[in-house]
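One structure is given here, and the rest of the page talks about it.
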Number of protein chains: 2
Amino acid sequence: MSDLLERLRGRGWRMTAQRRVVAEVLDGDHVHLTADEVHARAVERLPEISRATVYNTLGELVTLGEVLEVSTDRRAKRYDPNAHRPHHHLVCAQCGAIRDVHPTGNPLADLPATERFGFTISDVEVTYRGVCPNCAAA
Amino acid sequence: MSDLLERLRGRGWRMTAQRRVVAEVLDGDHVHLTADEVHARAVERLPEISRATVYNTLGELVTLGEVLEVSTDRRAKRYDPNAHRPHHHLVCAQCGAIRDVHPTGNPLADLPATERFGFTISDVEVTYRGVCPNCAAA
DNA sequence: GCTTGACTTAGACAAAGTCCATTGTAGGAT
DNA sequence: ATCCTACAATGGACTTTGTCTAAGTCAAGC
């Protein structure tokens, strides 16, 4: 993740304690935190960090392409630091757990020209929904 | 759409003016209204209908499988009455226009067992994003 | 070590949606 | 036809998620 900090500095990002903390919180694999969760964890390390800063920083990371926004439920957006490997998501309809998945095939190729209505398509988002083993057992 | 009303009555739905109006508003193809838009149109026909009732009714229609919830942007949920023919969505990243599309292929088959993590998958949602002809021209 | 403009802050604000106590009513029972 | 009652509707308070702004702070270049 320090690569991330390096990359950001290289792009002229002004490095502040707040931004560093947000980037650190997002470290790890299969992490899909809401903005509020990011804020909560950031506060543990930097108690005076404000919500607005967390939102700003997350927004910038998304713009820079370092983090993906995913909206698997209709509550809060989640932030996925695994932005450099394309992937989709598998969501538990009951507990909301999220896993990154890598389907075979290319959904873009599955949309014939007649079904494109003249759109220039740039992106496909696939969300699988189901029940996770934990919830199925309960 | 009166089929819908019939079906609902058959399921023991108590028919009220409010519910009828909400169902009528959702009539039509390629309609993807937000709850607020549904409310606005319902008010035209039944001025005293409340927002809570619209939300409740939409929620019930979703539970009954008569209407689909789609969240193409992260603002409001949209309600899609075309629930009986499986389809996916094509969204303009600029103006937010939504089209129903029918891709070939089956994305469910594209997720190998090793990528299912023990989930029982029940549903796949595919959202294509791009720029519509209108916005491209502007 | 200054300066400056970018960054952060707190809190007000907004949009979307939920909750709840109260009031109303559809539809079966009489 | 009227009455009953469980289910539905109401409206307003509340919650959640996110944005905006004015004022204060600070990283980084000089």
Side-chain angles (χ1 to χ4, degrees), chain A residues 5-6 8-25 32-64 66-80 96 98, chain B residues 5-25 32-64 66-80 96:
Chain A
L5 294 180
E6 278 317 305
L8 295 174
R9 205 190 301 268
R11 297 209 212 181
W13 231 41
R14 195 157 124 186
M15 191 48 58
T16 66
Q18 291 84 346
R19 287 174 168 186
R20 189 164 23 246
V21 165
V22 169
E24 282 168 11
V25 164
H32 303 88
L33 300 171
T34 64
D36 245 29
E37 286 163 354
V38 171
H39 180 238
R41 299 194 187 191
V43 162
E44 290 172 14
R45 310 189 192 194
L46 189 63
E48 65 280 17
I49 193 171
S50 77
R51 285 187 340 117
T53 297
V54 170
Y55 277 102
N56 288 341
T57 305
L58 288 172
E60 285 157 14
L61 287 170
V62 169
T63 300
L64 293 172
E66 296 291 347
V67 163
L68 283 182
E69 238 176 46
V70 283
S71 45
T72 52
D73 57 20
R74 283 94 219 171
R75 300 179 57 68
K77 293 178 206 170
R78 292 179 176 275
Y79 293 88
D80 184 340
I98 304 175
Chain B
L5 293 179
E6 278 316 306
R7 275 202 302 282
L8 295 174
R9 205 189 300 268
R11 296 208 211 180
W13 228 43
R14 197 155 120 184
M15 192 49 57
T16 67
Q18 291 84 348
R19 287 175 167 185
R20 187 164 25 245
V21 164
V22 169
E24 282 169 11
V25 165
H32 302 89
L33 300 172
T34 64
D36 245 29
E37 286 164 355
V38 172
H39 180 238
R41 299 193 186 192
V43 162
E44 290 172 13
R45 310 189 192 193
L46 189 64
E48 65 280 17
I49 192 171
S50 76
R51 285 187 342 114
T53 296
V54 171
Y55 277 103
N56 288 340
T57 305
L58 288 172
E60 284 156 15
L61 288 170
V62 170
T63 300
L64 293 172
E66 295 292 345
V67 162
L68 283 181
E69 238 176 45
V70 283
S71 46
T72 52
D73 56 20
R74 282 95 221 168
R75 300 180 57 71
K77 295 177 205 171
R78 291 178 176 275
Y79 293 88
D80 185 341

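Order of the sequence lines fixes the chain letters, A, B, ..., with proteins taken first and strands second; residue numbering starts at 1 for each chain.
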Please step through salt bridge (Lys or Arg N to Asp or Glu O under 4.0 Å) for the pair Arg11(A) and Glu66(A), ending with a clear verdict. CA-CA 12 Å; Arg11(A) 297 209 212 181; Glu66(A) 296 291 347; 3.1 Å; yes

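Close to dG17(C), at under 4.0 Å from its OP1 or OP2, lies no side-chain N or O of Arg75(A). Residue Gln18(A) places at least one side-chain N or O under 4.0 Å from the OP1 or OP2 atom of dT9(C).
One atom, CG of Leu64(B), and another, P of dA8(D), lie 11 Å apart when rounded to the nearest Å. Between the C1' atom of dA6(C) and the CZ atom of Arg11(A) lies a distance of 18 Å, rounded to the nearest Å. Computed from coordinates, the Arg20(B) CZ to dA8(D) P distance equals 14 Å when rounded to whole Å. The distance between atom CZ of Arg19(B) and atom P of dT10(D), rounded to the nearest whole Å, is 11 Å. The nearest whole Å value for the distance from the NE2 atom in His39(B) to the P atom in dG11(D) is 9 Å. One interatomic measurement links the two molecules: CG of Leu33(A) to C1' of dG18(D), which rounds to 17 Å at whole-angstrom precision. Here dG18(D) presents its P atom at 10 Å from CG of Leu58(A), a figure rounded to the nearest Å. Rounded to whole angstrom, the span from the CD atom of Glu69(B) across to the C1' atom of dT18(C) amounts to 13 Å.
Of the candidate nucleotides dC7(D), dT18(C), dT10(D), dT18(C) has the atom lying nearest to any side-chain atom of Tyr55(B). When distances run from any side-chain atom of Asp36(A) to the nucleotides dT17(D), dG18(D), dT8(C), the shortest one goes to dT17(D). The side chain of Ile49(A) sits closest to dT9(C) out of dG27(C), dT9(C), dG18(D). Candidate nucleotides dG11(D), dA8(D), dG17(C) were compared by shortest atom distance to the side chain of Thr16(B), and dA8(D) ranks first. For Lys77(B), whose side chain is taken as the heavy atoms from C-beta onward, the closest listed nucleotide among dG17(C), dT8(C), dT10(D) is dG17(C).
Within the nucleic acid shown, Thr53(A) comes within 4.0 Å of at least one base atom, counting heavy atoms only. Using a 4.0 Å heavy-atom distance criterion, Arg51(B) is classed as a base contact. Base engagement by Ala52(B) is indicated by at least one non-hydrogen atom pair under 4.0 Å involving a base atom.
Along DNA chain C, the nucleotide nearest to Asn56(B) and the one nearest to Trp13(B) differ in position, and the one closer to the 5' end is contacted by Asn56(B). Between Arg14(A) and Glu48(A), the residue anchored nearer the 5' end of DNA chain C, judged by the nucleotide with its closest heavy atom, is Arg14(A).
The side-chain contact (heavy atoms from CB on, under 4.5 Å) test with Ile49(B) singles out one residue from Val38(B), Thr57(B), Val22(B), and that residue is Val22(B). Between Thr53(A) and the options Gln18(A), His39(A), Glu48(A), a side-chain contact (heavy atoms from CB on, under 4.5 Å) holds for only Gln18(A). Partner of Arg78(B) under the side-chain contact (heavy atoms from CB on, under 4.5 Å) criterion, chosen from Val70(B), Leu33(B), Leu68(B): Val70(B).
In plain terms, the two heavy atoms of Val25(A) and Ala42(A) that are nearest each other are CG2-N, 3.9 Å.
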